[in-house]
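These numbers were taken from a predicted model, which means no experiment stands behind them. In this chain, residues are counted from 1 in sequence order.
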Amino acid sequence: FQADELQFLLQQSRPEIYAALLLEEQRFAIAIDLIKARSSLVLEQVFAKMASAQIPVGKNMLEADVERILGIDIAHKLKQITAAIYLNVDEDLVSLKKQYEALRTGINELYPKRKVIQIEFQLT
């Protein structure tokens, strides 16, 4: 978001929408950071361990065998970060939709003669 472009919400007695949008931006940044952390772990440690064990790319393996090759620390980090990504992104999608609807409603209330784009979210 461009915070300065949303400041009209503060001036029009809709500060809760402004604050919620900034929170959404922070939540999005957390999701991106988790994805970057997981990618870094995979690129820097997982691939190296799998290559050292001479495991070809795409080979089907039992989870226990993968944990043994990677080591419990790397396997645990990978599981935890992956679970956090799924949880965070799922929650963010629901939250983002809710905040978009609040923003759209707020804009319609503040500027009733203006048309506002309707976005349809496809959440599965």
Side-chain angles (χ1 to χ4, degrees):
F1 298 113
Q2 298 297 325
D4 56 334
E5 292 179 13
L6 296 171
Q7 287 186 357
F8 71 92
L9 294 166
L10 293 171
Q11 299 165 357
Q12 301 290 334
S13 71
R14 300 301 289 195
E16 71 281 358
I17 295 173
Y18 182 83
L21 291 172
L22 294 181
L23 180 60
E24 285 305 314
E25 187 171 35
Q26 290 175 347
R27 292 174 64 125
F28 179 79
I30 290 169
I32 294 299
D33 288 345
L34 286 167
I35 292 167
K36 286 179 180 178
R38 184 181 183 280
S39 295
S40 178
L41 179 65
V42 168
L43 292 172
E44 295 170 11
Q45 297 182 41
V46 173
F47 284 172
K49 294 271 188 176
M50 297 300 275
S52 292
Q54 298 183 338
I55 306 299
V57 174
K59 179 178 179 183
N60 289 330
M61 298 181 64
L62 296 173
E63 185 176 339
D65 292 336
V66 173
E67 286 180 353
R68 182 182 45 76
I69 292 166
L70 296 180
I72 195 69
D73 181 52
I74 294 173
H76 181 71
K77 285 178 187 174
L78 193 57
K79 284 181 184 180
Q80 293 298 92
I81 294 172
T82 301
I85 290 169
Y86 276 106
L87 179 65
N88 195 288
V89 169
D90 287 347
E91 289 176 351
D92 284 356
L93 289 173
V94 171
S95 175
L96 182 61
K97 181 179 184 222
K98 179 181 172 186
Q99 295 313 319
Y100 165 74
E101 290 167 357
L103 173 62
R104 191 168 192 283
T105 299
I107 290 173
N108 282 331
E109 289 172 4
L110 295 171
Y111 305 102
K113 294 182 181 182
R114 292 242 170 120
K115 290 185 179 184
V116 181
I117 295 173
Q118 174 67 41
I119 298 173
E120 296 293 329
F121 289 82
Q122 299 292 322
L123 302 179
T124 54

**OP:** Name all pairs fulfilling the ring pair (Phe, Tyr, Trp, His ring centres under 6.0 Å) condition that reach into residues 61-88, sequence neighbours left out, sorted by first residue then second.
**Re:**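 Of all non-adjacent pairs touching residues 61-88, none passes ring pair (Phe, Tyr, Trp, His ring centres under 6.0 Å).
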Original post:
Mind checking whether Lys59 and Pro56 have side chains closer than 4.5 Å, heavy atoms only?
Top reply: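 SC-SC contact between Lys59 and Pro56 confirmed.
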**OP:** Measure across Leu34 and Ile81 and return the closest heavy-atom pair with its distance rounded to 0.1 Å.
**Re:**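 Here Leu34 and Ile81 meet closest at O-CG2, 3.5 Å.
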Original post:
When clusters are formed by joining ILVMFWY residues with side-chain heavy atoms under 4.5 Å apart, either directly or through shared neighbours, do Met61 and Val46 land in the same one?
Top reply: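 Yes; Val46 is reachable from Met61 via cluster members.
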Original post:
When clusters are formed by joining ILVMFWY residues with side-chain heavy atoms under 4.5 Å apart, either directly or through shared neighbours, do Leu21 and Phe28 land in the same one?
Top reply: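 Shared cluster, no.
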**OP:** Find out if a path of hydrophobic residues (ILVMFWY) with successive side-chain heavy-atom gaps under 4.5 Å connects Leu23 to Ile17.
**Re:**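 Shared cluster, no.
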**OP:** Would you list the pairs meeting side-chain hydrogen bond (donor to acceptor under 3.5 Å, both in side chains) in which at least one residue belongs to residues 30-42, sequence neighbours left out?
**Re:**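 For residues 30-42: Arg38-Thr82, Ser40-Glu44.
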Subject >> Set of salt bridge (Lys or Arg N to Asp or Glu O under 4.0 Å) partners for Lys79, sequence neighbours left out >> reply: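 Here the qualifying residues are Glu63, Glu67.
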Original post:
Under 4.5 Å between any side-chain heavy atoms of Glu91 and Asn88, yes or no?
Top reply: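 Side-chain contact under 4.5 Å: no.
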Subject >> Co-membership, hydrophobic cluster, residues Leu103 and Leu22, 4.5 Å side-chain >> reply: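 Yes, because Leu103 and Leu22 connect within a single hydrophobic cluster, where side-chain heavy atoms sit under 4.5 Å apart.
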Subject >> Rounded distance (nearest 0.5 Å) linking atom CD1 of Ile69 with atom CD1 of Ile74 >> reply: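 Answer rounded to 0.5 Å: 11.5 Å.
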Original post:
How far does CD1 of Ile119 sit from NZ of Lys97, to the nearest 0.5 angstrom?
Top reply: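 Rounded to the nearest 0.5 Å, the CD1-NZ separation comes out at 12.0 Å.
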Original post:
Can you tell me how far CD1 of Ile55 sits from CG of Asn60, rounded to the nearest 0.5 angstrom?
Top reply: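 One finds 11.5 Å between CG of Asn60 and CD1 of Ile55.
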Subject >> Straight-line distance of Asp73 CG to Leu41 CG, nearest 0.5 Å >> reply: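 Asp73 CG to Leu41 CG: 8.5 Å, rounded to 0.5 Å.
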**OP:** Applying side-chain contact (heavy atoms from CB on, under 4.5 Å) between Tyr111 and each of Lys115, Arg114, Glu109, report the one that passes.
**Re:**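 Testing each of Lys115, Arg114, Glu109 against Tyr111, the sole residue satisfying side-chain contact (heavy atoms from CB on, under 4.5 Å) is Arg114.
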Original post:
Looking at residues at least two apart in the chain, or sitting in another chain, which of them share a salt bridge (Lys or Arg N to Asp or Glu O under 4.0 Å) with Asp92?
Top reply: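 Scan of Asp92 (salt bridge (Lys or Arg N to Asp or Glu O under 4.0 Å), adjacent residues dropped) gives Arg27.
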Original post:
Should Leu87 and Leu78 be counted in the same cluster of Ile, Leu, Val, Met, Phe, Trp and Tyr side chains packed under 4.5 Å apart?
Top reply: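 In one cluster with Leu87: Leu78, no.
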Original post:
Residues two or more places apart in sequence or in another chain: which of them pass ring-ring contact (aromatic ring centres under 6.0 Å, His included) with Phe47?
Top reply: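 For Phe47 there are no ring-ring contact (aromatic ring centres under 6.0 Å, His included) partners, ignoring immediate neighbours.
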Original post:
So how far is it from Glu101 CD to Phe121 CZ, rounded to the nearest 0.5 Å?
Top reply: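 One gets 7.5 Å once the value is rounded to the nearest 0.5 Å.
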**OP:** Measure the spacing between CD1 of Ile117 and OH of Tyr100 and express it to the nearest 0.5 Å.
**Re:**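 Atom-to-atom, Ile117:CD1 and Tyr100:OH are 7.5 Å apart.
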**OP:** Name all residues meeting the side chain to side chain donor-acceptor pair (under 3.5 Å) criterion together with Gln118; count only those two or more places apart in sequence or in a different chain, and write none if there are none.
**Re:**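 Gln118 satisfies side chain to side chain donor-acceptor pair (under 3.5 Å) with Arg104 only.
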